[in-house]
Amino acid sequence: MKKNLSIVLILVGLLGVALLLPKTDSNIASTTKDKLVTEFKGAYLEEIKPNGNVVEIDMVAAESEVEIFDGVKTRVWSYNGTVPGPELRIKLGDTLKVNFTNNLPQETTIHFHGVRVPNAMDGVPGVTQEAIKPGEKFVYKFTPKDAGTFWFHPHVRTSEQVERGLFGVLIVEDKVDEEYSQDVVWVIDDWRMTDDKQVYNEFNTPMDLMHDGRWGNVITVNGKLNETLNTRPGERIRLRMINTSNARIYIPNLKNLNAKIIAVDGMYVRDVLDLGKLELAPGNRIDVDITIPQEAGGELFKLVDNFGPEEITLAKIKVAGTVVSTPEFDLPTNKRVPLWRGAENIAIDKEYRLNARVKDGGGIEWTMNDKAYPNFDPYTFKYGKFNTMRFTNESARLHPMHLHGQFFKVVARDGKPTDEQYFRDTVLIYPNQSVDVALVPLDKGVWVNHCHILEHAEAGMVTAVTVE
Ligand SMILES: [Cu+2]
C-alpha cells in the first residue's frame, strides 16, 4: 500500500513538471515535424540491398553524326553514337557499372538525374569528382534505390553539351512494369539549328540568358521529327516521357486517349492524375498508363504540347492489326506518399531568392540569394528529419529548380497549401511565384540545387546543400 502510494506521488509529480513546462512554438513545431517524418517512413527506401547482379556497359562520349532530317548528316556530340544515347534498363537491386571514356574535345562528367546515388557518383565537377579530361576514363558504379524513369547527361558546360546531343535514358524496372503490352520511352528534346540543319554553335547568348534560356526551332522525340509508336487495339502501354531540352517547357497531352499519370520524376504517384495539366519542365519525367481502345483500329493518336499558345504535335500513336486482350491490373501507385497536412504551417528552414543582375563588366548572371555560382550560400539539411525550403522567384522568368540526390514534395504555392500527390526532383517556379517544398533527406553528401534551364545554371543559378 505504501509502495503504491509512492508511485502515485511520483506520477503526480511528473504530471506537475509536465504542466509547468512551457508549451513553446518550437516544441509544437518539433512534435509536428516528428509526426510528418513518421508519416513519411516507408514512402521510399532508405537503403537498397544490391542483388549481386552487375549490369556493365562501355560508354563513349564523342563527336558523331546522326540523321534527323532525311539525307542530312547533323554533327552532334553523343553517347555511343546515337541521340538519345543508350537506353539502359536494369532491375531494382541491380548494380549499374558504366565504363565511361571521354573522347570529346572538352572536359565532361555524367550526372544521373533523379537517381539517388552515393554522393561520389553524382557527377558534379568540383563538388563530387574532378572533371574527366579529354581522353580520360571514369567508372560510375551504383545501385539505384528507386525503380523509375531517369536520365543522364553531362554536368560540365551543360548548356552546350546537352544541346549538342549528350543525354541518355536509365530505366530501373520494378515487377509491375512487365505486365504492360509495351513499355516505351519518349525522349523529348528541342534543338536550335541553322538553315543547313546543324546545331547553332553559339551557346549562352545574351538573349538566351536574359530570357528563358535556349528554346529551339526543331523538336525531336527519340531523335526523330516524326516519332510514331506502332500499337495494336487493346494494348495497354506504359509511356515514359522525359524532357531533355535545355529550356523548353511542355504540357504534354494525348488527345482522345484516356491517359493517366502514374509516376512523376520516376516515382509512383499516390493517386493517378489526368495527363494534360502537368508541366514537363527540363529534367522532369512523366509516366502515363494508356489503353488503346479495342475499336481504335486504323486510328492515329497525337501527343501534343499545350504549353504555348499554339499546339505543337510531338509524336504519334498508330493503331493497326488484330485486337489483343488488354492486360488487367490495378494502376501502379504508391499509397505511402504522405499527405503532410499542416506542413505549410512549419517555418521555412531555407529560402532561396531567385534573380538576375548585370555582372561587373557587363552580361547577365543568375543568382540564388544574391550569389552566382561558384559563389553560393551554403546550407545543411538534417538527415532523416523534416526539412523545408522555399524558392522565391523575384524575376520575370521561369525556373525549374532541381535538387540532386533527394526527392521533395511541394507543400505550398504562394503560401497556399497544396497537396501534390507525388514527389519530385524538379519543380517549375513561375515568374514572381514562391513554391515551398518539404523533404526528408535520406542521402548524405553535398548536393547541388540548381535551375534546369541550362543557360541559367551556366550563368550562376546553382547552389549546394549538405545533408548530414
Ligand atoms: Cu532558371
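For clarity, every value in this text was computed on a predicted model and none was experimentally measured. Side chains included, hydrogens not; waters and symmetry mates left out as well; all remaining heavy atoms used. Just so you know, ligand 1 is whichever comes first in the structure, and atom 1 is the first atom listed for that ligand.
Of all the N, O or S atoms in His399, the one closest to the Cu ion (ligand 1) is ND1. Minimum-distance N/O/S atom of His456 relative to the Cu ion (ligand 1): ND1.
Ring to ring, Phe381 and Trp447 are not that close: their centroids are 6.0 angstrom or more apart. Ring centroids of His113 and His155 are separated by 6.0 Å or more, keeping the two rings apart.
For His452, every N, O or S atom stays at 2.8 Å or more from the Cu ion (ligand 1).
Partner Tyr140 forms a side-chain contact (heavy atoms from CB on, under 4.5 Å) with one of Leu96, Val117, Asp122, Thr109 and no other, that one being Thr109.
Ring geometry for Phe100 versus Tyr79: interplanar angle over 60°, hence perpendicular rather than tilted (30 to 60°).
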